[in-house]
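The structure appears below as structure tokens.
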Amino acid sequence: EVQLQASGGGLLQAGGSLRLSCAASGFTFDDYTIGWFRQAPGKEREGVSCMSVSDGSTYYADSVKNRFTISSDNAKNTVYLRMNSLKPEDTAVYYCAVGMRSDTAPVFLDYYGVDYWGKGTLVTVSS
């Protein structure tokens, strides 16, 4: 079974940093797209960042670019989201997701090619 386990959320002050992790299992960690989505209270879920494992291409929502960095450790079957300069508007439940095709990465954040979802981890940023 494909499983995605997100962790690393917590409560912190604006301006702080946090690293989220998503441990994946049940599939070969080679040719796929993996990324992060989030859902803030009362808002729709939105794409945050994703990457193509095949060629290393990364993509970010405008709201987080230059602050967040996505990376992976293939040996550990894990993807990370390093979040710096956090703002209250970053408060949300963050979900990791996987698509079984790496060539869908350019449109992954628009929900194309998303095949599996993990449970979310809550990030709360106070003012």
Side-chain angles (χ1 to χ4, degrees):
E1 296 286 340
V2 173
Q3 295 188 72
L4 302 170
Q5 183 62 248
S7 62
L11 173 66
L12 71 167
Q13 297 182 127
S17 299
L18 204 61
R19 188 181 74 164
L20 305 183
S21 299
C22 179
S25 63
F27 63 96
T28 303
F29 216 79
D30 52 10
D31 184 16
Y32 64 94
T33 300
I34 191 164
W36 296 89
F37 294 77
R38 67 184 182 185
Q39 187 165 22
K43 297 184 178 180
E44 297 296 317
R45 188 174 297 187
E46 63 177 345
V48 177
S49 181
C50 71
M51 68 180 297
S52 166
V53 175
S54 178
D55 62 14
S57 299
T58 59
Y59 303 84
Y60 298 91
D62 288 343
S63 60
V64 306
K65 63 182 179 182
N66 301 315
R67 296 190 298 120
F68 292 11
T69 303
I70 189 170
S71 62
S72 67
D73 184 335
N74 291 359
K76 295 183 177 181
N77 283 190
T78 301
V79 64
Y80 305 98
L81 184 68
R82 177 67 179 182
M83 305 182 294
N84 294 326
S85 302
L86 283 162
K87 305 174 181 179
E89 50 263 45
D90 294 317
T91 295
V93 176
Y94 285 72
Y95 302 87
C96 61
V98 167
M100 294 295 99
R101 295 275 300 276
S102 62
D103 59 1
T104 61
V107 293
F108 191 77
L109 298 181
D110 292 321
Y111 296 89
Y112 290 101
V114 178
D115 295 311
Y116 301 97
W117 293 90
K119 290 186 176 181
T121 185
L122 177 64
V123 174
T124 302
V125 184
S126 63
S127 300

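FYI, side chains are in, hydrogens and waters are out, and symmetry mates aren't considered; it's all heavy atoms of this structure. One-based numbering along the sequence shown. Values in this document were obtained by computation on a predicted structure and should not be read as measured data.
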**Asked** Should L20 and L12 be regarded as members of a common hydrophobic cluster, given that ILVMFWY residues are connected when their side-chain heavy atoms come within less than 4.5 Å of each other, either directly or indirectly?
**Response** yes
**Request:** Would you indicate whether the side-chain heavy atoms of V53 and T33 approach each other to under 4.5 Å?
**Result:** no
**Item:** Full working for side chain to side chain contact (heavy atoms under 4.5 Å, CB included) between Y95 and V93
**Value:** CA-CA 7 Å; Y95 302 87; V93 176; 3.4 Å; yes
**Request:** Answer yes or no for R19 and Y80: cation-pi contact, defined as NZ/CZ to six-membered ring centre under 6.0 Å and angle to ring axis within 45°.
**Result:** yes
**Message:** For a side chain to side chain contact (heavy atoms under 4.5 Å, CB included) check, start with the C-alpha distance between Y111 and R45, then their side-chain angles and the critical distance, and finish with the verdict.
**Reply:** CA-CA 10 Å; Y111 296 89; R45 188 174 297 187; 3.3 Å; yes
**Request:** Could you grab the distance from atom SG of C50 to atom CG of D110, nearest 0.5 Å is fine?
**Result:** 9.0 Å
**Item:** Closest heavy-atom pair and its distance - L4, A24
**Value:** CD2-CB, 3.6 Å
**Message:** Around atom CD of Q39, are there more than 12 heavy atoms from other residues, nucleotides or ligands closer than 6.0 Å?
**Reply:** yes
**Message:** Please determine whether residues V114 and V48 belong to a single hydrophobic cluster, defined as Ile, Leu, Val, Met, Phe, Trp and Tyr linked transitively by side-chain heavy-atom distances below 4.5 Å.
**Reply:** no
**Message:** Testing the basics here: between W36 and I70, what is the closest heavy-atom pair and its distance to 0.1 Å?
**Reply:** CD1-CD1, 3.9 Å
**Message:** More than 12 heavy atoms of other residues, nucleotides or ligands under 6.0 Å from CZ of R82: yes or no?
**Reply:** yes
**Request:** Start with the C-alpha distance between L109 and Y60, add both sets of side-chain angles, then the distance that settles side chain to side chain contact (heavy atoms under 4.5 Å, CB included), and finish with yes or no.
**Result:** CA-CA 8 Å; L109 298 181; Y60 298 91; 5.9 Å; no
**Asked** Would a hydrophobic clustering, with Ile, Leu, Val, Met, Phe, Trp and Tyr connected at side-chain separations under 4.5 Å, put V2 with V98?
**Response** yes
**Item:** Nearest atoms (heavy-atom pairs only) where V123 meets M83
**Value:** CG2-CE, 3.9 Å
**Asked** Measuring from I34:CD1 to S52:OG, what's the distance to the nearest 0.5 Å?
**Response** 11.5 Å
**Item:** R38 CZ to T91 OG1 distance, which is reported to the nearest 0.5 Å
**Value:** 9.0 Å
**Asked** Going from CE on M51 to OG on S102, what distance comes out if it is rounded to the nearest 0.5 angstrom?
**Response** 10.5 Å
**Prompt:** How about F108 and F37: are their ring centres within less than 6.0 Å of each other?
**Reply:** yes
**Request:** Mind checking the NZ-OG spacing from K119 to S7? Nearest 0.5 Å is all I need.
**Result:** 13.5 Å
**Request:** Indicate the ring-plane relationship of Y32 and F27, choosing parallel, tilted or perpendicular according to the 30° and 60° boundaries.
**Result:** perpendicular
**Test log, rule side chain to side chain contact (heavy atoms under 4.5 Å, CB included), inputs L18 and L86** = CA-CA 8 Å; L18 204 61; L86 283 162; 4.0 Å; yes
**Prompt:** Considering all heavy atoms of both residues, which atom of S49 and which atom of L81 are nearest to each other, and what is their separation?
**Reply:** CB-CD1, 4.1 Å
**Asked** Minimum heavy-atom separation for G47 to A61, with atom names?
**Response** O-CB, 3.4 Å
**Asked** Rounded to the nearest 0.5 Å, how far apart are CG of D31 and CE of M100?
**Response** 9.5 Å
**Message:** Which heavy atom of V79 sits nearest to which heavy atom of S71, and what is that distance?
**Reply:** CG2-O, 3.1 Å
**Item:** Sidechain N-carboxylate O distance under 4.0 Å for K87, D90
**Value:** no
**Prompt:** Does the side chain of T78 come under 3.5 Å of the side chain of D73 through a donor N or O and an acceptor N or O?
**Reply:** no
